Each structure stands twice: as structure tokens, then as C-alpha cells.
Undergrad: 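Just dropping this structure here.
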Amino acid sequence: MSTIGHLLIIAAAVAISSVPIVMTILILLSPNRTRSAVPFLIGWVAGIVLTVSIAALFATVIPTSRFERQPDTAVGIVEIVLGVAAMVLGVISWFRRRGRSVVATTPKWMRAEAKMGPWSALGLGFVLNLRPKGIVLALAAGLTLYADAGSVRVAIVPVVIYTAVAASTVALPIIVTAASPRRMQPRLVAAHQWIETNGGLITSAILVVIGLLIVGMGISRL
């Protein structure tokens, strides 16, 4: 339960990330959505699972205490570093956003959704996990798995829950749009406009808060 609780904090930050949400909405508003929406979701989910698994594997190189109940100082220090990195990313993102116009302009690479096929969507969904924010959060989640789960068998359920929460903001719009595309159309347009205006600032604030929580998790291990 401790592992799941820590992972849910990090998964919430992944879920609220504005870039994959905006990309999902753009795909669903495009005439190509039936070909690219599901592959994009598969790529996004596969990227989440793979990055957190690799991060947990890399965490095994961190020296830990020989005593089971003694706090692992090295793990705590790495968590503090990752938490600070998350806060720095949040602050940098906030200042960059502040310097732009109130209504953000969608990057050119995000406007290619109309020409996107299933393989392109699959690859994009996966690659979005490799952004600096995604890597920092994956490392924090992998470190938590390594420190708290203790074994592969115990880690399976936390990883499933983490993935479900992290991917929920991409999965739910795709599922609901598939069930009722006409009703979702105006809602997707409104959501896109709102996220374009406010999503980046909210994501920055969430990164700072999550970074503080990760630092707190690290301090508790010292």
C-alpha cells in the first residue's frame, strides 16, 4: 500500500501532462481518428510501462543498506535529487509559458495528426514518454518500486495501477469518443481551447508540487 500511495502521486503528474492530452484531442478531432487513436493509446501505455520498468531496473545499481529496516540513505538522496529536478522543470516551463502569448500556438509537429497513420501514432505515443518531464517522473516511480516493492511479484499490481492512472487522461477521451463521437465533438473543441490557454501553467504548478512531495519521500528515507 505504501508503494501504491507513492506511485499514485507520480502517476497523477503523468496524467495531467498537457502534451499527451492535447495530442489525444487533436487526433480525435482529425478525420484520421479511427486509424490513429487506438495505436496512439497503445504506444502511450507501452511507453509508460517500459520506462518505469527500465527505471526500476537501473535503480538496482544504487547501493542500499544491508539491514532490512534501516532507511536506505542512497535511495532517499536520489529521490531528493529527482524531486528537485521535477521542481526545476516546472519552474522553467512556467517561465517559458509566461513569456508567450496568453493563447499558446500549437507546435507544427502536433498539427500533423491528419496525416498520421497507425504506426506513426503508435511511435508518437511511445516517444512522448521520453520527454525530460516523463523521464524524471519515470525514474522517480522506478525508484519507488525498487525501494518499496521488494520483488517482481509484489511490483506487478502497483505497476498496473500506476499505468492505469497515468494513462487515464488519454484513454478515457478515446473510449468515450469511440462510443459517442458526435456528442464528444464540441467537448473536445472546448477542452482543447482550455488546455491551450491554461494547461501549461497547471502542468508547471503540478510539477513543482509533485517535486516537493518526491523530496519529502526522499527525506523520509534518510
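Keep in mind it's a predicted model, so treat the numbers as computed, not measured.
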Undergrad: Are V84 and I92 connected into the same hydrophobic cluster when the rule is that any two of I, L, V, M, F, W, Y join if their side-chain heavy atoms are below 4.5 Å apart?
TA: yes
Undergrad: Using every non-hydrogen atom in the two residues, find where S204 and G90 come nearest and quote the distance to one decimal.
TA: CB-O, 3.3 Å
Undergrad: Are V14 and V127 connected in a single hydrophobic cluster, I mean Ile/Leu/Val/Met/Phe/Trp/Tyr linked by side-chain heavy atoms less than 4.5 Å apart?
TA: no
Undergrad: Closer than 3.5 angstrom, by distance alone: can the side chain of T163 be matched with the main-chain N or O of V159 as a donor-acceptor pair?
TA: yes
Undergrad: Working to the nearest 0.5 Å, report the span between CD1 of I202 and OG of S17.
TA: 12.0 Å
Undergrad: Quick one, W119 and P39 - any side-chain contact, counting heavy atoms below 4.5 Å?
TA: no
Undergrad: Are L130 and W44 linked, directly or through other ILVMFWY residues, by side chains that come within less than 4.5 angstrom of each other?
TA: no
Undergrad: Roughly how far apart are L41 CG and L122 CG, rounded to 0.5 Å?
TA: 10.5 Å
Undergrad: Let me confirm one number: the CG-CZ distance from L143 to F58, rounded to the nearest 0.5 Å.
TA: 13.5 Å
Undergrad: Spell out, yes or no, whether V208 and I219 are grouped together once hydrophobic residues are joined by side-chain heavy atoms under 4.5 Å, including indirect joins.
TA: yes
Undergrad: Report the distance from atom CG of L201 to atom OG of S93, rounding to the nearest 0.5 Å.
TA: 8.0 Å
Undergrad: Can you give me the closest heavy-atom contact between G142 and A59, atom names plus distance?
TA: O-CB, 4.4 Å
Undergrad: Examine distances only and state if a side-chain atom of S220 and a backbone atom of M217 form a donor-acceptor pair shorter than 3.5 Å.
TA: yes
Undergrad: Given side chain to side chain contact (heavy atoms under 4.5 Å, CB included), test F40 with V170 step by step and report yes or no.
TA: CA-CA 9 Å; F40 178 77; V170 170; 3.9 Å; yes
Undergrad: Indicate yes or no: at least one non-hydrogen side-chain atom of L207 is less than 4.5 angstrom from one of V91.
TA: no
Undergrad: Any side-chain heavy atom of P173 within less than 4.5 Å of one from I25?
TA: no
Undergrad: So, taking the atom named CE in M87 and the one named CG in L213, what distance separates them when rounded to the nearest 0.5 Å?
TA: 10.0 Å
Undergrad: For L28, does its backbone N or O pair with a side-chain atom of T177 as donor and acceptor, under 3.5 Å?
TA: no
Undergrad: Which heavy atom of V45 sits nearest to which heavy atom of A167, and what is that distance?
TA: CG2-CB, 3.8 Å
Undergrad: How far apart are the C-alpha atoms of V157 and Y162, what are their side-chain angles, what is the distance that settles it, and do they pass the side chain to side chain contact (heavy atoms under 4.5 Å, CB included) test?
TA: CA-CA 9 Å; V157 172; Y162 171 84; over 6 Å; no
Undergrad: Given side chains that start at C-beta, do those of L145 and V52 come closer than 4.5 Å, heavy atoms only?
TA: yes
Undergrad: Do L7 and I161 come close enough that some side-chain heavy atom pair is under 4.5 Å?
TA: no
Undergrad: Does a sphere of radius 6.0 Å around CH2 in W194 hold more than 12 heavy atoms from other residues, nucleotides or ligands, not counting ones at 6.0 Å or beyond?
TA: yes
Undergrad: So which atom in I210 and which in A13 form the shortest heavy-atom distance, rounded to 0.1 Å?
TA: CG1-CB, 3.5 Å
Undergrad: Heavy-atom distance under 4.5 Å between the side chains of V215 and E79, does that happen here?
TA: no
Undergrad: Output yes when a side-chain donor or acceptor of N129 lies under 3.5 Å from a complementary backbone atom of I135, and no otherwise.
TA: no
Undergrad: Roughly how far, to the nearest 0.5 Å, is CG of L188 from CG of L29?
TA: 5.0 Å
Undergrad: Any side-chain heavy atom of M23 sitting closer than 4.5 Å to one from I27?
TA: yes
Undergrad: Would the distance check show the side chain of T51 and the main-chain N or O of I48 forming a donor-acceptor pair, the cut-off being under 3.5 Å?
TA: yes
Undergrad: Give the minimum heavy-atom separation between A138 and A55, together with the two atoms involved.
TA: O-CB, 3.2 Å
Undergrad: Okay, side chain of R131, backbone of L128: is any donor-acceptor separation there less than 3.5 Å?
TA: yes
Undergrad: Taking it one step at a time, do F126 and L50 satisfy side chain to side chain contact (heavy atoms under 4.5 Å, CB included)?
TA: CA-CA 9 Å; F126 183 86; L50 190 60; 3.5 Å; yes
Undergrad: Given L137 and L82, is the side chain to side chain contact (heavy atoms under 4.5 Å, CB included) satisfied, shown in steps?
TA: CA-CA 8 Å; L137 294 176; L82 291 174; over 6 Å; no
Undergrad: K133 side chain to T203 main-chain N or O, any donor-acceptor pair under 3.5 Å?
TA: no
Undergrad: If you take all heavy atoms of S53 and V49, which pair is closest and at what distance?
TA: OG-O, 2.7 Å
